[in-house]
Amino acid sequence: MGLEAKFMNEGFLTSTVDALVAWARESSVWPMPMGISCCAIEMIATAGPKYDIARFGSEVMRFTPRQCDVLLVAGTVTYKMAHVVKKIYDQMPEPKWVIAMGVCASTGGVYRSYPVVQGIDTFLPVDVYVAGCPPRPENLLNGLMMIQEKIKKTKAREFQNIPMLEPVKINGN
Amino acid sequence: MEIRERIEALLAEAFPEVKFEYTDFRGDLRVLFSKEHVIPVCKFLRDNEELAFSMCEDITAIDWARQPNRFSVVYHIYSLKNKYRLRLACDVEEHEAKIDTVTSVWKSANWYERETWDMYGINFEGHPDLRRMYMAEEFEYFPLRKEYPMIGIPGDQPLPKK
Ligand code: SF4
C-alpha cells in the first residue's frame, strides 16, 4: 500500500492536514461566556467539577472575545443588550460559532414581550440551539459536542480570506 | 391613639382646604388627594415630628384606562420612627400627564420618577434629570400604557444588522 504501510511499526501516523487542524480546533473550543441571566448559573455548573467541561477542552472561559471560538449566549437578550452581544461577536476572530443556550436566547421563551429579542437568530448566525429553561448541564455539553461534530467536518482552507470587518466607530456604536 | 388616626387628624389640621380620601386594603392605608398639593403634603409628612415619613420607598403609576383621571401616581413612603408604611396617590389626566416632582422632598425619588416617566410618560415637572431609565433614549413609546401592545410595535426598537 502507500505511506501507512511504509510507516507501520515506526511510530508514525498518517492523516490529512484538514483532519488534523479540525481535530485540534474541535478539542479546544474556548467559550466566550455571555451569561446575561439565569441560564448563566447552569453554564457555571457545567464548568464546575461535577460536569467538568474541561473534558471537552472548553474549560477556558475567557472574558475577552479576542481569544474565543464559540459565543455562548446564556440568557435573555433584550433589545438594548443585543447591540452589546453583536459587538462582542464581531470582535471574535474567525472561525467562530454561536450557541443559543436556553429558550430565551433561542426564541424569547416566556418573555413574549416588548423588551426581549424573540430569538438571537434575528441578528446572529446561530449554530446550535440548546433547549430548556434552563437547560441542564448535560444538555449544554450535548450542544457543545454538536459544535465539535460541526467543526470536525470543516476544512482548514474554508476560513481563509474572510474579509475584515469595517472598523466600528466608538461613539456612533 | 393609632397612628392612622393621627395621620388623618394631622393632615386635616394642616391642610383644611384639601380633600383627602382614605381607603384601606388589608390594613394598608392609602390617601388620595389632588395633585396640586403633592409637594406641601409630602413635605409635611416628612417634617412632622410625630409622623416622620423620612423614607420614600417607591414611586410608580397605574394606568386605569378610564376617563377622566386616567393615571394615578402612587408614592410608597415609610416612617422609620413609627414603623408604618403609607401610600399616597394623586390622579393625573391623560391630556395633561404631569405632576410636580418630589425630588426636593426625598432625594431617592429621582430614579423612581425617571422610571415612571419611562414607562407611563408622566412628566414630573422640575425634575433635575428626567431621562429614560430602561428603554433606549430614542424609543418613542411608553410601554406600560395600556394602548401599547404587549409584544411591542415591530421596528420600534432597532436590532443590529445581521
Ligand atoms: S431560558 Fe429560562 S433559565 Fe434561561 S435565561 Fe431564560 S428564563 Fe432564565
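Values below: all heavy atoms of this structure, side chains included; hydrogens, waters and symmetry mates excluded. The sequence lines fix the lettering, A, B, ..., with proteins before strands; numbering per chain opens at 1.
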Visitor: Provide the closest heavy-atom pair for A82(A) versus P160(B) in the form atom of the first, atom of the second, distance.
Guide: O-CG, 3.6 Å

Visitor: Looking only at N and O atoms, which donor-acceptor pairs between chain A and chain B are within less than 3.5 angstrom?
Guide:
from	atom 1	to	atom 2	distance (Å)
K80(A)	NZ	Y134(B)	O	2.8
H83(A)	NE2	P158(B)	O	3.0
K86(A)	NZ	K161(B)	O	3.3
Y114(A)	N	M150(B)	O	2.8
Y114(A)	O	Q157(B)	NE2	3.0
D121(A)	O	K162(B)	NZ	3.1

Visitor: Take atom CZ in R66(A); do more than 12 heavy atoms of anything else shown fall under 6.0 Å from it?
Guide: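 It does not: R66(A) CZ has 12 such atoms or fewer within range.
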
Visitor: Flag yes if L10(B) and L45(B) sit in one hydrophobic cluster, no otherwise; membership is Ile, Leu, Val, Met, Phe, Trp, Tyr, and two members link when side-chain heavy atoms are under 4.5 Å apart.
Guide: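 Cluster IDs for L10(B) and L45(B) match.
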
Visitor: When rounded to the nearest 0.5 angstrom, what distance separates CD1 in I120(A) from CG in L159(B)?
Guide: 11.5 Å

Visitor: Near M61(A) CE, under 6.0 Å, is it more than 12 heavy atoms from other residues, nucleotides or ligands?
Guide: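 Result for CE/M61(A): enclosed.
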
Visitor: Honestly curious: do W23(A) and L144(A) fall in one hydrophobic cluster under the side-chain, below-4.5 Å linking rule?
Guide: no

Visitor: Who pairs with Y51(A) by ring-ring contact (aromatic ring centres under 6.0 Å, His included), at least two apart in sequence or on another chain?
Guide: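 With sequence neighbours excluded, Y51(A) shows a ring-ring contact (aromatic ring centres under 6.0 Å, His included) to no residue whatsoever.
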
Visitor: Might you confirm whether atom CG of L13(A) has over 12 heavy atoms from other residues, nucleotides or ligands at distances under 6.0 Å?
Guide: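 It does not: L13(A) CG has 12 such atoms or fewer within range.
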
Visitor: So which part of V117(A) gets closer than 4.5 Å to some heavy atom of chain B, the side chain, the backbone, both or neither?
Guide: side chain

Visitor: Should F53(B) and I39(B) be regarded as members of a common hydrophobic cluster, given that ILVMFWY residues are connected when their side-chain heavy atoms come within less than 4.5 Å of each other, either directly or indirectly?
Guide: yes

